[in-house]
Undergrad: 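Dumping the structure here so I can ask a few things about it.
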Amino acid sequence: MKLIKNISILSALFAGTSFGANDSNSEIENNNNERQNTDLIQNHTPEDDSVREYFETDASDNDQGPSKFAQAPAADDAGAAAVGAPTGTTTDAGAAPTGTPAKVKKKKKKAATGDQAAMVSGHGVQESGLPYKAGVDMSLTYSSESKTKKYSDKSQKESTTAMGLDLDYLFVFGHLEAGPKITFLSMSEKTPNVNATDTTVSDEKKTSAMGFGAAFVIDIGNIHQDSLVPYVDFDLVKESKTVTSTTGGSSDSTKVTDTDMRIGLGGGVKIFMGGHIALKPFLKYELIMGGSTKTEETGQNAVVASVTGTKLSLGMGLAKYF
């Protein structure tokens, strides 16, 4: 019995030694495998970079989101992007595209206002698309004038008819036109001298007048669109007129200078002949006030008289707008 007990003890000792040896051998083998893997990674060739990058997760990827292995299933779950999508876009439903081109904002054209829309369909539009800014108005008038001259000792009435030319430059402000006005008159007249023995001798009379002032026109209509536009005008003009008479066959002459202030009120209609051009038949009434006349005869002293009167004119104008 004692022999059997000793054999059991020896068997247990050999078994423990064998188990310890096996554990040591297993640990040594694991260390060798790990060292081989480390050497394999450290001694990789450049061609292995793509493989390593594919399997390894970069630190920046860990900060920003899942690795490439985690992105593939996410794309399948959220619905893969359409084939041909630009590079750099993400397929997550909540993520904003990072590689899409910036959108170019286009300026929207402002809609035309009511007045501009009306002008487009009318005649009052410049080549630049803008409405009329100003106009030149030239008028030929036939007038009948009645004056009363008051001298210190008597009064004298005169009636004359004449042809005149008026020129206005008016700026356009919607339905209102305003600007400077110039009046001009020049006339020459010759009549036979009944007192002369020579029938070829004649008396000569020259008349010239110039006036400066301002004119205002109110258009009752749209000059940019309507073909017929009635209007009312008002003007204030200071005029100076000189009449020189010479007696045929002698050196005697008479010079009469009239200076007066005139206020005129008139009306007419503008008939547009297409774009920019309009005919203007009109009628005007003028009140002569604050006037004076000075008569100078050869060998005599000048005589001065105050002047009042009225003037009625009928005319035809031609307006050019631009």
Side-chain angles (χ1 to χ4, degrees), residues 122-124 126 131-147 158-189 206-243 258-291 307 309-322:
H123 55 74
Q126 307 298 302
Y132 294 144
K133 296 184 294 183
V136 177
D137 186 353
M138 184 174 62
S139 302
L140 183 64
T141 62
Y142 174 79
S143 61
S144 176
E145 188 175 78
S146 176
K147 288 184 177 181
E158 291 183 357
S159 297
T160 58
T161 57
M163 296 290 293
L165 182 65
D166 296 345
L167 183 64
D168 301 346
Y169 186 92
L170 303 176
F171 296 95
V172 178
F173 306 97
H175 290 275
L176 176 66
E177 301 177 36
K181 182 182 184 69
I182 300 175
T183 62
F184 178 77
L185 174 65
S186 179
M187 185 170 57
S188 179
E189 180 182 358
K206 293 182 179 179
T207 303
S208 62
M210 180 72 73
F212 298 94
F216 305 89
V217 178
I218 300 176
D219 296 316
I220 309 173
N222 189 346
I223 62 172
H224 304 98
Q225 184 180 16
D226 301 337
S227 298
L228 298 176
V229 180
Y231 71 92
V232 176
D233 69 341
F234 170 81
D235 57 42
L236 180 64
V237 178
K238 184 176 182 180
E239 186 179 67
S240 178
K241 182 172 70 173
T242 301
V243 180
D258 293 340
T259 303
D260 53 49
M261 184 70 71
R262 300 166 181 259
I263 296 177
L265 180 65
V269 61
K270 299 178 183 180
I271 306 172
F272 281 90
M273 313 297 292
H276 306 277
I277 302 295
L279 294 177
K280 294 176 53 180
F282 65 90
L283 181 67
K284 178 180 288 186
Y285 176 82
E286 295 178 79
L287 179 63
I288 303 171
M289 61 181 186
V307 177
T310 59
K311 182 179 179 180
L312 185 63
S313 302
L314 179 65
M316 175 65 73
L318 180 65
K320 165 67 176 179
Y321 287 94
F322 52 88

Undergrad: Any side-chain heavy atom of M261 sitting closer than 4.5 Å to one from I288?
TA: no

Undergrad: State which residues pass side-chain hydrogen bond (donor to acceptor under 3.5 Å, both in side chains) with K311; sequence neighbours excluded, sorted by chain then number.
TA: none

Undergrad: For Y285, does the OH atom sit with more than 12 other heavy atoms under 6.0 Å from it, leaving out its own atoms?
TA: yes

Undergrad: Under the side-chain hydrogen bond (donor to acceptor under 3.5 Å, both in side chains) definition, can you give me all pairs with a residue in residues 265-275, not counting sequence neighbours?
TA: E177-K270, D219-K270, K270-Y321

Undergrad: Suppose we screen for ring pair (Phe, Tyr, Trp, His ring centres under 6.0 Å). Which residues come up paired with F171, at least two apart in sequence or across chains?
TA: Y169

Undergrad: Can you find a heavy atom in the side chain of M187 that is under 4.5 Å from one in the side chain of K206?
TA: no

Undergrad: Can you find a pair of side-chain heavy atoms, one from D233 and one from F282, that are under 4.5 Å apart?
TA: no

Undergrad: Sequence neighbours excluded, which residues qualify as side-chain contact (heavy atoms from CB on, under 4.5 Å) partners of P230?
TA: I220

Undergrad: Is any side-chain heavy atom of V217 closer than 4.5 Å to one of L176?
TA: no

Undergrad: Search all heavy atoms of G164 against all heavy atoms of L185 and return the closest pair with its distance.
TA: CA-CD1, 3.9 Å

Undergrad: Identify, with sequence neighbours excluded, every residue that meets side-chain contact (heavy atoms from CB on, under 4.5 Å) alongside D137.
TA: S139, D168, K280

Undergrad: With rounding to the nearest 0.5 angstrom, report the OG to CE distance, S313 to M163.
TA: 10.5 Å

Undergrad: Given E286 and T310, is the side-chain contact (heavy atoms from CB on, under 4.5 Å) satisfied, shown in steps?
TA: CA-CA 6 Å; E286 295 178 79; T310 59; over 6 Å; no

Undergrad: Test of understanding: with side-chain hydrogen bond (donor to acceptor under 3.5 Å, both in side chains), list the residues that count as partners of D235, not counting sequence neighbours.
TA: K284

Undergrad: For I218, does the CD1 atom have more than 12 heavy-atom neighbours from other residues, nucleotides or ligands under 6.0 Å away?
TA: no

Undergrad: How many angstroms lie between atom NZ of K133 and atom CZ of F322, to the nearest 0.5 angstrom?
TA: 8.0 Å

Undergrad: Is there a donor-acceptor contact under 3.5 Å from the side chain of H175 to the main chain of N222?
TA: no

Undergrad: Applying side-chain contact (heavy atoms from CB on, under 4.5 Å), run through F234 and I263 and close with a yes or a no.
TA: CA-CA 8 Å; F234 170 81; I263 296 177; 3.5 Å; yes

Undergrad: Side chains of F216 and L170: closer than 4.5 Å at any heavy-atom pair?
TA: no

Undergrad: Is the distance between the ring centroids of Y132 and H224 less than 6.0 Å?
TA: yes

Undergrad: Could you list the residues that satisfy side-chain hydrogen bond (donor to acceptor under 3.5 Å, both in side chains) with S143, not counting sequence neighbours?
TA: none

Undergrad: On a heavy-atom basis, which atom in M316 and which in P281 lie closest, and how many Å separate them?
TA: SD-N, 3.7 Å

Undergrad: With sequence neighbours excluded, what pairs up with I277 under the side-chain contact (heavy atoms from CB on, under 4.5 Å) test?
TA: L318, K320

Undergrad: Would a 4.5 Å heavy-atom cut-off, applied to side chains only, mark D260 and K147 as touching?
TA: yes

Undergrad: Measuring only between side-chain heavy atoms, which start at C-beta, is F184 closer than 4.5 Å to L167?
TA: no

Undergrad: Name all residues meeting the salt bridge (charged side-chain N to carboxylate O under 4.0 Å, His left out) criterion together with K238; count only those two or more places apart in sequence or in a different chain, and write none if there are none.
TA: none

Undergrad: Tell me, do L314 and T141 make a side-chain contact under 4.5 Å, heavy atoms counted?
TA: no

Undergrad: Just wondering, are more than 12 heavy atoms of other shown residues or ligands nearer than 6.0 Å to CE in M273?
TA: no

Undergrad: D166: which residues meet the side-chain hydrogen bond (donor to acceptor under 3.5 Å, both in side chains) condition with it, sequence neighbours left out?
TA: none

Undergrad: Partners of T160 by side-chain contact (heavy atoms from CB on, under 4.5 Å), sequence neighbours excluded?
TA: E145

